[in-house]
Amino acid sequence: MRNNMKIKINNKEIETTAKTVAELAVEQNLPEKGVAIAISNNMVPRTEWSNRLLNEGDDIVILKAFCGG
């Protein structure tokens, strides 16, 4: 079993058991559409979420699309 690791999401430190970006998205209850994720200022295409491993200390930004003006 994998231990929790500390990462930052939108400048907030959290602990996660997720191994990949896809697992993190599920853990964070992110919607299936309208979400972008960047790790260390590098966008991670949704097609790579299942393969992109998370590492201790990763600095992640999650952007959610919204309507309005």
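Any value given below was found using the heavy atoms of this structure, including those in side chains, with hydrogens, waters and symmetry copies removed.
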Between [Y] and [X], is there a side-chain heavy-atom distance shorter than 4.5 Å?
{"X": "E56", "Y": "I7", "answer": "no"}
{"X": "K8", "Y": "D58", "answer": "no"}
{"X": "T20", "Y": "L54", "answer": "no"}

**Prompt:** Given a cutoff of under 4.5 Å between side-chain heavy atoms of I, L, V, M, F, W and Y, with clusters grown through shared members, what are the other residues clustered with V61?
**Reply:** L63
For residues 32-41, which side-chain donor-acceptor pairs fall under 3.5 Å, sequence neighbours excluded?
none

**Prompt:** Of the non-hydrogen atoms in M5 and N55, which two are nearest, and what is the gap between them?
**Reply:**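 Of all heavy-atom pairs spanning M5 and N55, the closest is SD-C, 3.5 Å.
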**Prompt:** Near N10 CG, under 6.0 Å, is it more than 12 heavy atoms from other residues, nucleotides or ligands?
**Reply:**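 Atom CG in N10 is crowded, with more than 12 foreign heavy atoms closer than 6.0 Å.
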**Request:** Rounded to the nearest 0.5 Å, what's the gap from CD1 on I60 to NZ on K12? Could you check?
**Result:** 14.0 Å
**Atom pair CD/CG of E48 and L53 - distance to nearest 0.5 Å** = 12.0 Å
**Message:** So, using side chain to side chain contact (heavy atoms under 4.5 Å, CB included) as the criterion, who are the partners of Q28 when residues are at least two apart?
**Reply:**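 Side chain to side chain contact (heavy atoms under 4.5 Å, CB included) list for Q28, sorted by chain: I9, I14, L24, L30.
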